[in-house]
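A short worksheet on the structure shown next.
Throughout, protein chains are lettered first and strands after them, A, B, ... in sequence-line order, and every chain is numbered starting at 1. Hydrogens, waters and symmetry mates are skipped; everything else that's a heavy atom, side chains included, is used. Here the structure is a predicted model, which means the values were calculated and not measured.
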Amino acid sequence: MAKQYWLMKSEPDAYAWEQLVADGTGMWDGVRNHTAKLNLMAMKKGDEALFYHSNIGKECVGIMKIVEESFPDPTAEKGAPWVVVRVEPVRALKHPVTLAAIKADPKLADMDLIRQSRLSVGRVTPDEWKHILKKSEKPAG
DNA sequence: GCCAACGTTGGC
DNA sequence: GCCAACGTTGGC
């Protein structure tokens, strides 16, 4: 299957990009939403994901890759349906891509991130992915 | 099985 | 701090 792209949100207060970089690897735990869970379960090793800082920053700050496919969330109650994936940072974006910039761009205004603002793990299409990376090359965009 | 009440998330 | 979106819960 072709590589898939994702966007994963975290409040920097709880778990920031810098923390993931410092750790070298991270388990994406704590997802308690079924739509988000289905996305986690659809992830394949080698897929790439944007790290988005919600609430504080409200911007995409880095790229990570999926290094281990979904398995039961050890922080959830036994028997609960929740899962996690293991991720590793790939690189920081040269310039963060803000929510405002995404909303203002007609090519990106239809993203999961915009349409379903509370969804913490969303899909990104290859076109959206390319476009966001291009935006991240330039400041203020 | 429907729907109102309530809680949580996240943008502003 | 407020509000909209949306998920969950509980009464019926």
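- If you check every strand for non-hydrogen atoms under 4.0 Å, Leu99(A) touches sugar and phosphate atoms only.
- Expressed to the nearest 0.5 Å, how far NE2 of His131(A) lies from CG of Leu108(A) amounts to 4.5 Å.
- Taking a heavy-atom distance under 4.0 Å as the criterion, the stretch of DNA chain C touched by chain A extends 5' to 3' from dA5(C) to dT8(C).
- Between Trp6(A) and Tyr52(A), the gap from one ring centroid to the other reaches at least 6.0 Å.
- Side-chain contact, Asp127(A) with Thr125(A): no donor N or O sits under 3.5 Å from an acceptor N or O.
- Around the CD atom of Glu77(A), the shell of radius 6.0 Å holds no more than 12 heavy atoms that belong to other residues, nucleotides or ligands.
- Using bins of under 30°, 30° to 60° and over 60° for the plane-to-plane angle, the ring pair Tyr15(A)/Trp28(A) lands in the perpendicular bin.
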